[in-house]
Amino acid sequence: MKVAYWSTSCLEPSIEAVSREVFQLAAAFPGSWIFGVDRHYVARFSWRRRCAGLHANMYPFLRAVIPVLELRFDVSHVYGNMTPWFFHKALRARPIVHTVTQDSPEPVTEFLERCAAVVVQTETTRERVLALGIDAAKVHLRRPGIDLSHFAAVSRKSTLGASPRLLFCSAP
């Protein structure tokens with residue numbers, strides 16, 4: 001199965017958590033590609049990493065290209081907020097899996113209804129999606145994984161007065 005991953009993350013898996021998740025998923029499906037839209041770069045392209053990205057100002061061009069690219073894949077997997085405005089109008093030809101990474105003030109229910117599956121990361125988001133009238137059978141709660149080999153419980157005493165060791169984090 002070839003999956004098109006559509007993301008608004010920065011396409012930098014070494015420094016950004018959502019981007020890392022997307023790249024790990026794409027590695028499991030040969031022939032899959034990651035397409036990104038972000039304001040932090042003009043353009044990105046890598047055959048080796050199977051990814052391409054453009055600046056958000058390229059939206060008119062993307063609206064024309066996304067439907068053509070979508071046809072080359074079996075499934076579209078969108079990573080983004082509850083209503084990813086770059087993709088919710090352009091994706092229509094293939095089944096859509098949507099992983100909600102953040103809430104939206106005004107979700108477009110029509111997009112969520114078109115999704116074959118909606119994956120959420122918290123109970124609060126799940127309840128919000130269900131309150132919008134989305135079929136509960138296609139809403140799936142998957143909490144983000146934590147690598148327990150890197151994190152361990154410590155006594156409260158050992159953390160008092162210590163400087164934080166976390167330098168960057170994009171998601172809980």
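Numbers for residues simply follow the sequence, beginning at 1.
- Side-chain contact between Pro13 and Gln24 is absent, with no heavy-atom pair separated by less than 4.5 Å.
- A pairwise comparison of heavy atoms in Asn81 and His98 identifies O-NE2, 2.9 Å as the closest pair.
- In terms of hydrophobic clustering, with Ile, Leu, Val, Met, Phe, Trp and Tyr side chains grouped at heavy-atom distances under 4.5 Å, Trp85 and Val118 are assigned to a common cluster.
- Formation of a donor-acceptor pair under 3.5 Å by the Arg50 side chain with backbone atoms of Pro30 is not found in this model.
- Counting only distance, with no hydrogens or angles, the side chain of Lys2 and the backbone of Trp33 share no donor-acceptor pair below 3.5 Å.
- For Arg92 and Glu110, the salt-bridge test passes: some basic side-chain N is under 4.0 Å from an acidic carboxylate O.
- Taking the six-membered ring where the residue is Trp, Tyr79 and Tyr5 present tilted rings, their angle falling between 30° and 60°.
- Around the CZ atom of Phe61, the shell of radius 6.0 Å holds no more than 12 heavy atoms that belong to other residues, nucleotides or ligands.
- Looking only at side-chain heavy atoms (C-beta outward), Leu25 and Glu21 stay at 4.5 Å or farther from each other.
- The nearest pair of heavy atoms linking Leu91 to Ser76 is CD2-OG, 3.8 Å.
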Would Leu54 and Phe35 satisfy side chain to side chain contact (heavy atoms under 4.5 Å, CB included), going step by step from the backbone distance to the final call?
-> CA-CA 8 Å; Leu54 288 175; Phe35 300 101; over 6 Å; no
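- Atom CZ of Arg20 has 12 or fewer heavy atoms from other residues, nucleotides or ligands within 6.0 Å.
- Smallest separation of non-hydrogen atoms from Glu123 and Arg143: CG-NH2, 3.7 Å.
- Listed here is the closest heavy atom pair of Ser9 and Tyr41: O-OH, 3.9 Å.
- With His77 contributing its side chain and Ser7 its backbone, the two residues share no donor-acceptor pair below 3.5 Å.
- Arg44 contributes a side-chain N or O that, together with a main-chain N or O of Cys10, makes up a donor-acceptor pair within less than 3.5 Å.
- Minimum heavy-atom separation, Leu62 to Val37: CD1-CG2, 3.6 Å.
- Ala26 and Ser32 make their closest contact through O-CB, 4.2 Å (heavy atoms, listed as atom of the first residue, atom of the second, distance).
- Counting heavy-atom neighbours within 6.0 Å of Glu106 CD, excluding the residue itself, gives a total of 12 or less.
- Taking hydrophobic clusters as Ile, Leu, Val, Met, Phe, Trp and Tyr residues chained together by side-chain heavy-atom distances below 4.5 Å, Ile34 does not share a cluster with Val100.
- Counting only heavy atoms from C-beta outward, the side chains of Leu71 and Arg94 approach each other to under 4.5 Å.
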